[in-house]
2 protein chains.
Amino acid sequence: MDKSLYACDSCQHKLCAGRVSLFTSLDTDQLLQVIKLIVHKEYKKGELLLFEGEVRNDLVIVNKGQVKAFRNTIDGREQILYIFSEGDFFGEKNLLRDQPSNYAVEALEETHVCIIHKNDFQKLVKEYPDIGLKVMEVLCQRLDRLENAVETMGTRTVGARVSSVLLEFADKFGKQSPQGIIIDLPLSREGIANYIGLTRETVSRKMSSMQDQGLIEMIGNKKVLLLNRTALEKSIE
Amino acid sequence: MDKSLYACDSCQHKLCAGRVSLFTSLDTDQLLQVIKLIVHKEYKKGELLLFEGEVRNDLVIVNKGQVKAFRNTIDGREQILYIFSEGDFFGEKNLLRDQPSNYAVEALEETHVCIIHKNDFQKLVKEYPDIGLKVMEVLCQRLDRLENAVETMGTRTVGARVSSVLLEFADKFGKQSPQGIIIDLPLSREGIANYIGLTRETVSRKMSSMQDQGLIEMIGNKKVLLLNRTALEKSIE
DNA sequence: CATAATCTGTGACCGGGTTCACGATTTAAA
DNA sequence: TTTAAATCGTGAACCCGGTCACAGATTATG
């Protein structure tokens with residue numbers, strides 16, 4: 001089957017659920033069944049999809065765009081925990097019990113989501129156990145990422161912290177180009193700082209020095225060209 | 001049924017699996033079935049249960065004792081990620097795919113574990129779906145803890161970091177007493193430092209100053225009396 | 001119970017990251 | 001395209017936590 005059929009844009013939301021890895025094990029008929037359960041919603045840049053402490057009973061799947069999940073810390077900072085983009089979901093804890101959210105979620109750009117009610121999703125999981133396994137797999141990936149994050153934030157050297165973000169973003173948002181990997185940064189300098197527990201100024205200075213060393217090249221504020229990935233990896237050590 | 005029957009000590013390993021929350025939904029007959037699949041193993045203080053990067057295909061359940069899960073970081077530190085004690089398990093990622101471990105696991109004291117093979121556990125999950133849900137629930141709790149940890153490690157003030165560990169340990173290892181909550185610390189000062197990304201000296205100094213302020217009282221090196229929990233919580237802000 | 005091994009507390013110094021400030025650049029909006 | 005708003009880069013001073021060193025306390029061991 002033509003994969004483009006699954007694209008949200010070309011199908012007017014008919015098979016958009018098919019793009020989400022949670023549902024890759026389903027065939028078209030099953031997908032149609034799923035889509036009946038889904039509510040669509042759109043958010044503009046800066047809008048909140050979820051408040052910190054809010055209690056909800058549904059699962060939200062990002063279909064287009066990007067959001068950040070963050071907490072306002074006791075010392076007045078903003079700690080960003082996750083960047084969710086196409087195919088990612090949040091609210092999985094709601095599947096088990098009604099708990100207030102650990103974090104707020106804000107759109108970083110125009111964002112479209114699919115929302116599915118807890119009860120419906122639970123039924124889906126019972127009918128198609130593969131979906132439950134997928135959820136578990138994603139949770140494990142998220143644990144991996146946070147375990148890395150804890151290590152990174154415990155690191156004393158700033159260079160290692162900044163390098164590790166750039167490498168993480170390169171894997172998730174980078175595109176290969178003749179000169180190297182071009183990263184579309186999902187966050188501003190301040191956002192990056194809030195992701196790794198530093199200040200905007202420190203991130204700025206470090207990226208400048210990395211550019212001087214020929215490791216990266218900044219293209220405007222929202223793109224970075226990774227000139228030498230292996231050198232950057234080594235610079236962590 | 002007398003719950004003491006489930007205790008590992010009093011039953012010579014006959015129903016020890018019943019103590020583990022993973023299996024609380026099973027009745028005695030089912031438990032007996034599970035126990036046939038389990039291999040027991042014991043470790044002395046300081047022994048490694050799992051090496052960083054090791055690939056295994058089983059799930060390890062702590063039945064008695066305590067272990068720490070940690071990584072050796074690129075800048076020579078040791079970053080402790082988890083303290084696992086009675087009823088906790090690790091190796092859950094092995095259920096999905098054969099992946100090298102993100103961390104090493106070392107016994108903090110004499111520790112007894114139950115080991116169950118991946119294939120057997122997967123069968124169990126299929127037969128008793130509640131077990132799978134329990135696993136998911138534990139994974140979500142672990143995410144909660146790491147999300148908190150990331151926030152804590154991003155915090156600039158040392159006081160907030162130390163307070164948050166003490167509060168976490170109070171919840172997990174504390175016992176109410178007339179004077180306050182007595183915490184049996186699972187880690188040395190250095191261990192605590194490696195848990196929150198500081199140095200031993202800094203932790204030492206901060207705990208001394210907390211004692212001077214009348215917030216805590218140190219009893220030897222391995223116990224702490226939490227005199228004023230709410231004051232400590234506020235001291236974070 | 002004694003002794004060794006380990007862990008802990010604290011002072012002094014140093015360095016790197018934060019803070020504050022402000023001009024320059026980039027991006028978004030009209 | 002122009003203008004306004006947001007973001008970014010960088011210098012200077014300060015301050016807090018790391019590092020090093022060592023004595024004292026605690027815990028483990030025989």
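The sequence lines fix the lettering, A, B, ..., with proteins before strands; numbering per chain opens at 1.
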Between [N] ([atom2]) and [X] ([atom1]): distance, integer Å:
| X | N | atom1 | atom2 | result |
| --- | --- | --- | --- | --- |
| B/L108 | D/dT27 | CG | C1' | 16 Å |
| B/L185 | D/dT26 | CG | P | 15 Å |
| B/K206 | C/dT8 | NZ | P | 19 Å |
| B/R200 | C/dT6 | CZ | P | 14 Å |
| B/D212 | C/dG9 | CG | P | 11 Å |
| B/Q211 | C/dT10 | CD | C1' | 14 Å |
| B/E190 | C/dG9 | CD | P | 13 Å |

task: For the residue pair A/F84 and A/F90, categorise the inter-ring angle as parallel (less than 30°), tilted (30 to 60°) or perpendicular (more than 60°).
output: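 The arrangement is parallel - the two ring planes meet at less than 30°.
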Is there a side-chain contact between [X] and [Y] (heavy atoms, below 4.5 Å)?
| X | Y | answer |
| --- | --- | --- |
| A/S188 | A/N221 | no |
| A/L166 | A/I216 | yes |
| A/Y82 | A/V105 | no |

statement: Of A/K223, A/K222, A/K172, the one forming a salt bridge (charged side-chain N to carboxylate O under 4.0 Å, His left out) with A/D184 is A/K223
message: My understanding is that only one of A/K93, A/R142, A/R71 makes a salt bridge (charged side-chain N to carboxylate O under 4.0 Å, His left out) with B/D144; could you say which?
response: A/K93
Pick out the pairs of N or O atoms, protein on one side and nucleotides 12-18 of chain C on the other, that lie under 3.5 Å.
{"from": "C/dT18", "atom 1": "OP2", "to": "A/T199", "atom 2": "OG1", "distance (Å)": "3.1"}
{"from": "C/dT18", "atom 1": "OP2", "to": "A/T202", "atom 2": "OG1", "distance (Å)": "2.2"}

query: Can we say B/E233 and B/R229 salt-bridge, meaning some charged N sits less than 4.0 Å from an Asp/Glu carboxylate O?
result: yes
query: Any salt bridge between A/K68 and A/E78, counting N to O under 4.0 Å?
result: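 Yes, this pair counts.
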- prompt: What is the nucleic acid contact for A/S188, judged by heavy atoms within less than 4.0 Å: base, sugar-phosphate only, or nothing?
  reply: sugar-phosphate
All N/O contacts under 3.5 Å from nucleotides 24-30 of chain C to the protein, with atom names and distances to one decimal?
{"from": "C/dT27", "atom 1": "OP1", "to": "A/N221", "atom 2": "N", "distance (Å)": "3.2"}

- prompt: Closer than 4.0 Å, any side-chain N/O of B/S208 to the OP1 or OP2 of C/dT10?
  reply: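 True: B/S208 side-chain N/O within range (under 4.0 Å) of C/dT10 OP1/OP2.
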- request: Mark yes or no for whether A/T24, through its side chain, and A/S21, through its backbone, hold a donor-acceptor pair below 3.5 Å.
  value: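 Yes, the answer is positive, given that a donor and an acceptor are paired below the 3.5 Å cut-off.
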